[in-house]
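By convention here, the first residue in the shown sequence is residue 1. Note that the coordinates shown come from a computational prediction; the quantities given were computed from them, not determined experimentally.
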Amino acid sequence: MTSIKSSHAAYIPLAFAVFSIIVSACITSTSPAATSLPALQVRALSKESCSTVVPEPPSMANLAQRPEGLLGGGTVPSGDFFFDLWLYCDKELSPESSFLSQYSDIAGLGMHYSWLYNGPGIEGQVEELRGFEDDIKYCRGFDGGISTGSMGSYTGGIRFPDRDFSIPSEDPIRFYLEVRTAQGTFGAIISFVLEQGPDGLDLSNMHVEPLLLEK
């Protein structure tokens, strides 16, 4: 068995070989300080939000392990896929971090997702895309198709698309996760609200829903 592991992202086709695509395909290689958001006065999750963790619900077999400190999220089906998206609190995540693995535009706030395919084999190119509304970009992909048990995952900080992204806002912020195959595009959305509180950003109204695009 061939095994190449990464702490933040992985694919597992039927052959159970782990395909780890270079993380820079998903995360810009520019310095964390250069991508911080100057318009955000308090770039940190509030203590209240970070302490409001939820009990971890049962997870489907073969979905990636969730981190501790879950704040909200869920698992939804989309076609023959299942998508598991969560926001979580981790005090190691910070816009001041010099390590890409611990960088987040909002201190303390991280995102975890994983997807699992449970359908018949699909040949051809498979691509994973992710991003906030109007900024959904190619993250990584591979040839060779997928089969029952194929999966992908990510756990780490949140990066917003540009310096003009409106935070905080009373309007929901939407993060999209998509998997494109020869049989169509499948995915899920996690939405949430960030509002300025006395000691940081208050997180609320977390919701996960499936996404099924046209073939």
Side-chain angles (χ1 to χ4, degrees), residues 6-12 23 26-27 43-79 81-95 97 100-118 128-133 135-137 139-140 150-161 165 167-169 172-179 186-195 200-212:
S6 168
S7 61
H8 289 281
Y11 282 96
I12 306 178
V23 176
C26 302
I27 301 176
R43 293 178 293 145
L45 197 62
S46 68
K47 293 180 180 179
E48 181 178 357
S49 292
C50 205
S51 63
T52 311
V53 298
V54 298
E56 181 180 356
S59 177
M60 293 180 57
N62 297 328
L63 278 174
Q65 182 177 355
R66 300 165 181 151
E68 297 180 354
L70 297 177
L71 302 175
T75 306
V76 294
S78 178
F81 287 84
F82 287 90
F83 291 86
D84 193 46
L85 290 84
W86 293 85
L87 297 176
Y88 70 99
C89 178
D90 183 348
K91 295 181 179 179
E92 297 298 320
L93 299 174
S94 169
S97 177
L100 287 177
S101 62
Q102 296 180 348
Y103 179 85
S104 180
D105 281 331
I106 298 178
L109 183 61
M111 178 174 292
H112 165 82
Y113 70 70
S114 65
W115 57 263
L116 174 68
Y117 181 67
N118 276 340
E128 181 183 300
L129 296 88
R130 72 180 194 186
F132 290 92
E133 198 166 16
D135 192 62
I136 304 168
K137 297 179 179 179
C139 179
R140 52 186 169 263
S150 297
M151 60 86 69
S153 67
Y154 168 84
T155 300
I158 286 182
R159 288 171 176 264
F160 291 100
F165 198 79
I167 302 173
S169 171
I173 299 168
R174 295 180 176 88
F175 178 88
Y176 289 70
L177 173 62
E178 301 176 6
V179 178
F186 307 87
I189 305 167
I190 183 169
S191 59
F192 55 96
V193 173
L194 287 170
E195 297 180 278
L201 293 169
D202 293 328
L203 177 67
S204 63
N205 298 336
M206 288 159 280
H207 178 68
V208 177
E209 58 185 298
L211 171 72
L212 178 59

> Do R130 and Y113 meet the cation-pi criteria used here (NZ or CZ under 6.0 Å from the six-membered ring centre, within 45° of the axis)?
no

> Give the C-alpha distance, both sets of side-chain angles, the deciding distance and a yes or no for side-chain hydrogen bond (donor to acceptor under 3.5 Å, both in side chains) between S97 and S94.
CA-CA 5 Å; S97 177; S94 169; over 6 Å; no

> May I ask you to test the D84-H112 pair for a side-chain heavy-atom distance under 4.5 Å?
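Heavy-atom side-chain distance check passes, below 4.5 Å.
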
> For the pair S78 (side chain) and F81 (backbone), establish whether a donor and an acceptor sit closer than 3.5 Å, ignoring hydrogens and angles.
no

> Considering all heavy atoms of both residues, which atom of Y88 and which atom of M111 are nearest to each other, and what is their separation?
CE2-N, 3.3 Å

> I'd like to know if the side chain of S104 reaches the main chain of L109, judged simply by a donor and an acceptor atom lying under 3.5 Å from each other, with no hydrogens or angles considered.
yes

> Do L100 and R159 pass the side chain to side chain contact (heavy atoms under 4.5 Å, CB included) test, and can you show the C-alpha distance, the side-chain angles, and the key distance before you say yes or no?
CA-CA 11 Å; L100 287 177; R159 288 171 176 264; 3.2 Å; yes

> Is F83 close to F186 at the side-chain level, that is, under 4.5 Å between some pair of heavy atoms?
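F186 vs F83: side chains touch.
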
> Give a yes or no on whether the backbone of L203 and the side-chain of S49 come within a donor-acceptor separation of less than 3.5 Å.
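Pair found, side chain donor or acceptor close to backbone of L203.
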
> Looking at E209, I want to see if its CD is surrounded by more than 12 non-hydrogen atoms of other residues, nucleotides or ligands under 6.0 Å.
yes

> State the CD1-CG distance between I158 and L87, to the nearest 0.5 angstrom.
5.5 Å

> Please give me the minimum heavy-atom distance between L63 and W115, naming the atom from each residue.
CD2-C, 4.2 Å

> Could you tell me which non-hydrogen atom of M206 sits nearest to which non-hydrogen atom of L71, and how far apart they are?
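Taking every non-hydrogen atom into account, CE-O, 3.3 Å.
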
> Work out which heavy atom in D202 is nearest to a heavy atom in S46; give both atom names and the distance.
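Of all heavy-atom pairs spanning D202 and S46, the closest is OD1-OG, 2.7 Å.
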
> Tell me the closest heavy-atom pair linking P77 and F82, and the distance in Å.
CB-CE2, 3.9 Å

> When rounded to the nearest 0.5 angstrom, what is the spacing between OG in S153 and CZ in R66?
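Taking OG in S153 and CZ in R66, the distance rounds to 12.5 Å.
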
> How far apart are the closest heavy atoms of I106 and F160, and which atoms are they?
CD1-CE1, 3.6 Å

